[in-house]
Participant: 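So that we are looking at the same thing, I have put the structure below in structure tokens.
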Protein chains: 2
Amino acid sequence: MKPNIQHVAERAQVSKATVSRVLNDNPQVKGEIKERVLRAIEELKYRPSTIARNLATNRTNTIGLILPDITNPYFPVLARGIEDAAHRLGYTLFISNTDNDPKLEQDIIYKMVEQQVGGIVLISSTLDEQTVNDLTSLQTPIVLCDRLIENKPFDAVSIDNYKAAQEAVHYLIGQGHTRIAHLAGPKNIQSAVSRRTGYVDAMLAANLEPFVSVGTFSYESGVHQMGDLIEEYGPTAIFAANDLMALGAMHEIYRRGLRVPEDISIFGCDDIAFCAMSRPMMSTISIPAYQIGVTAVQLLDDHMKGVRSGSKNVILEHKLIHRESCNGVDQK
Amino acid sequence: MKPNIQHVAERAQVSKATVSRVLNDNPQVKGEIKERVLRAIEELKYRPSTIARNLATNRTNTIGLILPDITNPYFPVLARGIEDAAHRLGYTLFISNTDNDPKLEQDIIYKMVEQQVGGIVLISSTLDEQTVNDLTSLQTPIVLCDRLIENKPFDAVSIDNYKAAQEAVHYLIGQGHTRIAHLAGPKNIQSAVSRRTGYVDAMLAANLEPFVSVGTFSYESGVHQMGDLIEEYGPTAIFAANDLMALGAMHEIYRRGLRVPEDISIFGCDDIAFCAMSRPMMSTISIPAYQIGVTAVQLLDDHMKGVRSGSKNVILEHKLIHRESCNGVDQK
DNA sequence: TCGGTTTCAGAAACCGGTTACACAATTTTA
DNA sequence: TAAAATTGTGTAACCGGTTTCTGAAACCGA
């Protein structure tokens, strides 16, 4: 039978309260009594019940992470940042995938709230106004990743996707490209929309005609879109809204006997690990995913500890990574 | 202020017990009383406290997942299988990374046990005899992934790594290779050891001399090992203990102006997503990672529901995936 | 009509901790 | 040396549910 605090108390010949104080490092208890309690704990191999403690304190020291799909190579790094930061601060982490399904996402949020998580890190693109308002009534702090939000009591941490996209386009233009197409992500995902807008604006500002192909952020999508693009537009450079699509595009280019960057330059976004493993290595925008995760948890922790009550949008710095997948047109 | 069961009871003019019964779909309560309770719940936007329920029932409906590093591309798929299966069965999932640190791993296991998880899916390579015995005394069911274990009260689910490695070697031998080197994984990881043993035995059985280079399962390790291998041994084919090392090896081969598979063939293991994205696409052993995860949770669920008490080793089928990274020597 | 079941809701104990408060023992102060 | 302040421990209420047990009311057949 599993020992509880009462058993320890009896063995050490003290009260439950004293045992509890020892467990919580309360300095009131010391000397021989503390020794006795520690010995009793040791002898009984007693481990306090977290759930009982949770109920008594009305806190759980848990954080929930809700994301689209851990299988998408961008997210593990983010998740790792979150887990590390959470662990460091003494929280354990719940995790759940939504596949970008708004209904499922909603259910999971409520499930986690019922689990009494102290806070939630939410990576969501599908949040509509109504849902956001519902969440507002929750007392659980929420921090959004990769998505900014205004005038709502949520923290958010992200990068400036609009600016990042513009930089990518400028980089390509700087190499002499004019026929630059964009492999866009889903229309309901904010980061995808920002990148697309950044691309379009940068093109227009340079008096170039934008050409957008909308996809799904997946490798397969990149493959198909690229095929269409070659036939319908004939670009010399591609700015893809994420690396997975960029990789798919690159694959298709080679399948057709063309080469990167000699025939077509490709620029990605995210800087997933495989960008440095592909051949040619992919030039891309590096997003500090790990740091986003860490920051998100810190914001959450602040809220949970009551350090801060307002909401805050944090924008982290991205970085343009020059590798091998882009080349000037004049070098052909 | 957040409503509790008492508030609902008062509003519906019934007792706490009745509300509890309604919450748990107890058919005893029906008709008008049930209606009143449901209405009160609705009106108060009442959500039962999971932690209170946990304490009362002494169950949490949570499962813990402990793995080395979610950032390693093999694990997200496994984790996804686990999460999907857990979600389907009504469990929420804790997750934590160990970086293969035995001490940390131990701490996390105990932390999860204190969280009263119903069971733990453990992906560990560092378990020594002593630790395993300690875990035995826990009342929490544990299922091991990617690692078999005998005569212990744990379930395990894995593939036959020894056989998989032999098949890989036979495949390479069948293509006419004789100078086949092995990029091995860490000596303290069981799957790495099995693959290595399978390689060595298959080589010896074919009267070929094994050549093993020990690495760390990482891409960088593959790069460095491959460099050494080319200089010290001059293999015509490589069997890498995982895809990350295989990819690293391929990178190094190209960096030196050689080609895959024309100069050196490479065969990996795991079949991570990048294998089908690299150029050339990587031939490898496909491990049913998702299915391993699902199976692990099913075993856990059986145990938690008391369906089965003995322990069980499940071996899932792997598959040899023929792609582009291997070629017969005679074709040169 | 009446005793015997059956049905259904409530009272209260319980899960295993935490913590406000009370109070005895000890130390400090006057 | 007595009163006051401090220290350290115990008592008991509490967190918010679940569940056993009890008994009233409804139902049933004779």
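To find a chain, count down the sequence lines: A is the first, B the second, and so on, and within it residues start at 1.
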Participant: Are Gln130(B) and Asp134(B) close enough, and set up right, to give a side-chain hydrogen bond (donor to acceptor under 3.5 Å, both in side chains), and what steps lead you there?
Facilitator: CA-CA 6 Å; Gln130(B) 178 57 45; Asp134(B) 288 355; 3.1 Å; yes
Participant: What is the distance from CD of Gln28(A) to P of dG10(D), rounded to the nearest Å?
Facilitator: 12 Å
Participant: Taking atom CZ of Arg308(A) as the centre, does the number of heavy atoms from other residues, nucleotides or ligands within less than 6.0 Å exceed 12?
Facilitator: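 Check passes, neighbour count above 12.
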Participant: On DNA chain D, check which nucleotide each of Arg21(B) and Leu55(B) is closest to and give me the residue with the more 5' one.
Facilitator: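 Comparing both residues, the 5'-ward one is Leu55(B).
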Participant: For a quick check of understanding: with a heavy-atom distance under 4.0 Å over all strands, which category does Ile33(B) fall into, base, sugar-phosphate or nothing?
Facilitator: sugar-phosphate
Participant: Looking only at side-chain N and O atoms, does Thr57(B) come under 4.0 Å of OP1 or OP2 in dT18(D)?
Facilitator: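 So the side-chain polar atoms of Thr57(B) never come under 4.0 Å of the phosphate oxygens OP1 or OP2 of dT18(D).
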Participant: Return yes if a side-chain donor-acceptor contact under 3.5 Å exists between Thr92(A) and Gln115(B), otherwise no.
Facilitator: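 Checked: Thr92(A)/Gln115(B) side chains pair up, N/O donor to acceptor below 3.5 Å.
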Participant: Does NZ belonging to Lys2(B) count more than 12 external heavy atoms closer than 6.0 Å?
Facilitator: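 Yes - once you tally the heavy atoms of other residues, nucleotides and ligands closer than 6.0 Å, there are more than 12.
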Participant: Under 4.0 Å between any heavy atoms, over every strand shown, what does Asn4(A) touch: base, sugar-phosphate, or nothing? Just pick one.
Facilitator: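 It contacts sugar-phosphate atoms only.
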Participant: Take atom CG of Asn26(B) and atom P of dT20(D), then tell me their distance rounded to the nearest Å.
Facilitator: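 About 11 Å, once rounded to whole Å.
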Participant: Applying side chain to side chain contact (heavy atoms under 4.5 Å, CB included), run through Thr98(B) and Ile66(B) and close with a yes or a no.
Facilitator: CA-CA 7 Å; Thr98(B) 65; Ile66(B) 303 175; 3.3 Å; yes
Participant: Ignoring the backbone of Ile5(B), work out which of dG10(C), dT11(D), dT18(D) is nearest its side chain.
Facilitator: dT18(D)
Participant: Is a donor from one side chain sitting under 3.5 angstrom from an acceptor on the other, for Thr50(B) and Glu114(A)?
Facilitator: no
Participant: Which of the following nucleotides, dG17(C), dG17(D), dG10(C), is nearest to the side chain of Thr18(B)?
Facilitator: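 The closest nucleotide is dG10(C).
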Participant: Would you say dG16(D) has OP1 or OP2 under 4.0 Å from some side-chain N or O of Ser49(B)?
Facilitator: no
Participant: Whole-Å distance between dC14(D) C1' and Arg53(A) CZ?
Facilitator: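 That distance rounds to 17 Å.
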Participant: Of Pro27(B) and Asn58(B), whose nearest nucleotide on DNA chain C comes first from the 5' end?
Facilitator: Pro27(B)
Participant: If you pin Leu23(A) and Gln13(B) to their nearest nucleotides in DNA chain C, which one's is more 5'?
Facilitator: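 Taking each residue's closest nucleotide, the earlier one in sequence belongs to Gln13(B).
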Participant: Would you indicate which nucleotide in dG10(C), dC15(D), dG17(D) comes nearest to any side-chain atom of Lys16(B)?
Facilitator: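 From the listed options, dG17(D) comes nearest.
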Participant: In this structure, how many angstroms lie between the P atom of dG16(C) and the NE2 atom of His7(A), rounded?
Facilitator: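 Going from His7(A) (NE2) to dG16(C) (P), I get 8 Å.
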Participant: Is there a donor-acceptor pair under 3.5 Å between the side chain of Asn24(A) and the backbone N or O of Ser20(A)?
Facilitator: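 Checking the backbone N and O of Ser20(A) against the side chain of Asn24(A), a donor-acceptor pair under 3.5 Å is found.
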Participant: Send over the distance from Arg47(B) CZ to dG16(D) P, rounded to a whole Å.
Facilitator: 17 Å
Participant: Contact class for Val19(A) vs. all strands (heavy atom < 4.0 Å): base, sugar-phosphate, or nothing?
Facilitator: nothing
Participant: Using whole Å, report how far CZ of Arg59(A) lies from P of dC15(D).
Facilitator: 16 Å
Participant: Return one dot-bracket line describing DNA chain D 5' to 3' (Watson-Crick or G-U wobble pairs, both distances under 3.5 Å; ( ) same strand, [ ] crossing, | another strand, . none).
Facilitator: ||||||||||||||||||||||||||||||
Participant: To the nearest Å, how far apart are Arg36(B) CZ and dA9(C) C1'?
Facilitator: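 Rounded to whole Å, this separation is 11 Å.
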Participant: Give a yes/no answer on whether the side chain of Asn24(B) brings an N or O atom under 4.0 Å of OP1 or OP2 in dT18(D).
Facilitator: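 Answer yes for this pair, as a side-chain N or O of Asn24(B) is under 4.0 Å from OP1 or OP2.
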Participant: Rounded to the nearest Å, what distance is computed from the CD atom of residue Glu10(B) to the P atom of nucleotide dG17(D)?
Facilitator: 13 Å
Participant: Which nucleotide sits closest to the side chain of Tyr46(B): dC15(D), dT19(C), dG17(D)?
Facilitator: dG17(D)
Participant: What do the steps show when you test Tyr46(A) against Asn4(A) for side-chain hydrogen bond (donor to acceptor under 3.5 Å, both in side chains), and what is the final call?
Facilitator: CA-CA 7 Å; Tyr46(A) 165 74; Asn4(A) 63 24; over 6 Å; no
